[in-house]
Protein chains: 2
Amino acid sequence: MLHVAEAARVSVATVSALINGTATVSPELSQRIEQAIRDIGYKRNAIARSLKMGTTRTIGLTVPHITNPFFTDVVSVIQQAFDRAGYAVMLCCTDEHLNTQDDQIRLLLDRMVDGLIVARVGDGAILKRIVDDANVPVVLLDRVCQGVDTDAVVLDNQRAVFDAITYLIDLGHRRIGYISGSFDISPMHDRMAGYREALQTAGLPAEPELVRFGNFHEVDGYNATMQLLSLHDRPSAIFSANNPMVIGTMKAIRDIGLSCPEDISVACFDDFPWSDVFRPQLTTVAQPVQAIGEQAANLLLDRLAGNRDAPPRKLTLKGRLMIRNSCRPLGAIAQSVSA
Amino acid sequence: MLHVAEAARVSVATVSALINGTATVSPELSQRIEQAIRDIGYKRNAIARSLKMGTTRTIGLTVPHITNPFFTDVVSVIQQAFDRAGYAVMLCCTDEHLNTQDDQIRLLLDRMVDGLIVARVGDGAILKRIVDDANVPVVLLDRVCQGVDTDAVVLDNQRAVFDAITYLIDLGHRRIGYISGSFDISPMHDRMAGYREALQTAGLPAEPELVRFGNFHEVDGYNATMQLLSLHDRPSAIFSANNPMVIGTMKAIRDIGLSCPEDISVACFDDFPWSDVFRPQLTTVAQPVQAIGEQAANLLLDRLAGNRDAPPRKLTLKGRLMIRNSCRPLGAIAQSVSA
DNA sequence: AACGCTAATCTAAACGTTTCGATCATGTCA
DNA sequence: TGACATGATCGAAACGTTTAGATTAGCGTT
């Protein structure tokens, strides 16, 4: 900018005024300055600007795994929304790892991001401290945590799983395996609660042996399914609480020589774009990814626009059960259907 | 830092020296300073540091679509690599849109990213200018462009498609539909060349009606497939040059009342993590996503480490044909197989 | 002619770091 | 004792912006 000012024989203040339109500058100088800008190929340095202004027009976004299609879609939507609003997005993947997440958030805050969208990992204790210290608005995505009182967008997980399990029960299933993700994040609690509630409502017992835990990865779903399938009295249906794990479930079923849905029914949380065309066509709980991403972006953009003092807003969206053909009717129901 | 210095009754220079270890500071002062840092909860401001140092320890990464599993995987690998190296990643999705891409790259450069990894869109003219102006190292990913002489990581696309088409020909297919992405990026040229080469090698004619173009999206694959399937003499096999489009292909096949592989064989570029378990199990050309991401990251990290003047390096990796069961043998071959 | 008003422009401080060179105390050696 | 090297610390400039307040010129009023 200094060079531009010299070339145009004006002060830097005038150049700044012209660029930002913060003051009127005469046509004559305007022209000289614009010419100089072109000649020199001047580009405003956003870092210097950020330092002075105290805002970077950048937000931080952390997700556990970007390869999980749910997060991929949400990230994509969020990225677009902020792009439109003139913000850049710094993306971090925590790989479900607590320390990584905390480090990354600190890193983002050091870089003066104007806001954060966090699909968190682990208990919220450290997250809470970080967020309290930092003076930037935070939106929690998918996963809330107790004690962190801030904007959030979540799904009605309990209801969604309740619907799915009830659907299986209505089909005649009585022993329904359930593969949960680690219990330290809120959705896993709520989803489990939905499972239990559905069993209870139907008057079915909650058998501990039917519940397995994994750490969200395909291999965890594989191992959990192997265990379920080698039970003495094996389940007739399996529900997987996240979608990378269901791939593992399908692999285990194949490896053990069974087939879905003939021998065992499968449903899972989170939809796939290809579920309609590849067989078995998975019955899933679809999350409204577009809406989730947009709402999260809007909440944050609203705070960034200055609405700092409004009380925390928690948006709860509804999942949708996508019934396809990976679950088959059982017993009396199957007979009445085939009759 | 000023507050810390005051609290510790030292100068800011000393605080800086301690934090960065750039000079020895006495145990006594060290202790006072560390105490002050803790008391105040001081965090170094990375923006001010960037301004002074001329480096942000941030890189820019632009990809066409993050929802394309190929890019998702590559982004994930790159993100991890830079995370390990202490860099942040600014992610941009260009949505295959030229202006968006150029704007985003300019935005990234304004923010003083230390380097760029670009899976580009459009012809390289503007990209070239931007890259030449900018004084940062650039690595091209997946897509090179003429005239932009810089580090690059690409696949041997021609060879990979040649192998896949030859495989189909060996199965007895003679009329093989080919669905290409837009022709303005290098891989689409090379893949088409592989298709043509395979036909020619086998002495088959190149029939223009068998070649269709789409813009990388599922719907484009759907439309292209619809056109191919309504040909008077329809192809017995279809190869889709990218993976979102193949979903459209499968949908079109289903909607038209055919089934794969019984009525028509399908193969495509880019693998899916679930291809092994869902039917039809797609035969694909798998790209070594891990290697691609790592190599791209390494090329850039090497430049960032100071190796600026080395000549441009272009790494070409090999694809791998994953033969599954979405393509069936035809004619004489089929009979000898079933005999 | 003196005054005040407005519009255009400029000067200089500030944002929070890093770093060069200066300063100063201390110990060593001739 | 004086000269000098060493090590620790500090002062101040610089990075490239923004912006408050000062300055200046031009013009209309009285």
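First the proteins, then the strands, lettered A, B, ... as listed; each starts at 1. Only this structure's heavy atoms are used, side chains among them; waters, hydrogens and symmetry mates stay out.
At the heavy-atom level, B:L2 lies nowhere under 4.0 Å from the strands shown. If you check every strand for non-hydrogen atoms under 4.0 Å, A:L29 touches sugar and phosphate atoms only. Contact annotation for B:S26: backbone-only contact, meaning every heavy-atom pair under 4.0 Å involves sugar-phosphate atoms and none involves a base.
Atom-to-atom, CD of A:E6 to P of C:dC10 comes out at 13 Å; the value is rounded to the nearest Å. Atom C1' of nucleotide C:dT19 and atom CE of B:M53 are separated by 10 Å, given to the nearest angstrom. We find that CG of B:N20 is positioned 16 Å from C1' of D:dT9, with the value rounded to whole Å. One atom, NZ of B:K52, and another, P of C:dT19, lie 8 Å apart when rounded to the nearest Å. Summarising the geometry, the separation between CG on B:N45 and C1' on C:dG16 is reported as 6 Å, rounded to the nearest angstrom. Between the CD1 atom of A:I19 and the P atom of D:dT17 there is a distance of 8 Å, rounded to whole Å. Rounded to a whole Å, the CE atom of A:M1 is 20 Å from the P atom of C:dA14. Put simply, CG on A:L18 is 14 Å from P on D:dT17, counting in whole angstrom units.
For C:dT18, one of the phosphate oxygens OP1 or OP2 lies less than 4.0 angstrom from a side-chain nitrogen or oxygen of B:R44. Between B:R49 and C:dG16, a side-chain N or O to OP1/OP2 separation shorter than 4.0 Å is absent. In terms of phosphate contacts, B:S16 brings a side-chain nitrogen or oxygen within less than 4.0 Å of OP1 or OP2 of C:dT18.
The residue among A:V12 and A:T24 whose nearest nucleotide of DNA chain C is located toward the 5' end is A:T24. Two residues, A:A17 and B:A13, neighbour DNA chain D, and the one matched to the more 5' nucleotide by heavy-atom proximity is B:A13.
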Please evaluate residues A:F82 and A:I117 with respect to the criterion side-chain contact (heavy atoms from CB on, under 4.5 Å), reporting the C-alpha separation (whole Å), side-chain torsions for both, the decisive distance (0.1 Å), and the verdict.
CA-CA 12 Å; A:F82 280 96; A:I117 298 184; 3.8 Å; yes

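Using a cut-off of 4.0 Å between Lys/Arg side-chain N and Asp/Glu carboxylate O, B:R49 and A:D110 are scored as not salt-bridged. Between A:D132 and A:K128 there is a salt bridge, with a side-chain nitrogen of the basic residue lying less than 4.0 Å from a carboxylate oxygen of the acidic one.
Annotation: A:E6, atom CD; neighbour count of heavy atoms from other residues, nucleotides and ligands within 6.0 Å is above 12.
Ring planes of B:F183 and B:H189: tilted class, angle from 30 to 60°.
The side chain of B:A48 sits closest to C:dG16 out of D:dG11, C:dG16, D:dT18. In this structure, of C:dC10, D:dG16, D:dC10, it is D:dC10 that holds the atom nearest to the side chain of B:T14. Considering only the side chain of A:Y42, D:dT17 comes nearest among C:dT18, D:dT19, D:dT17.
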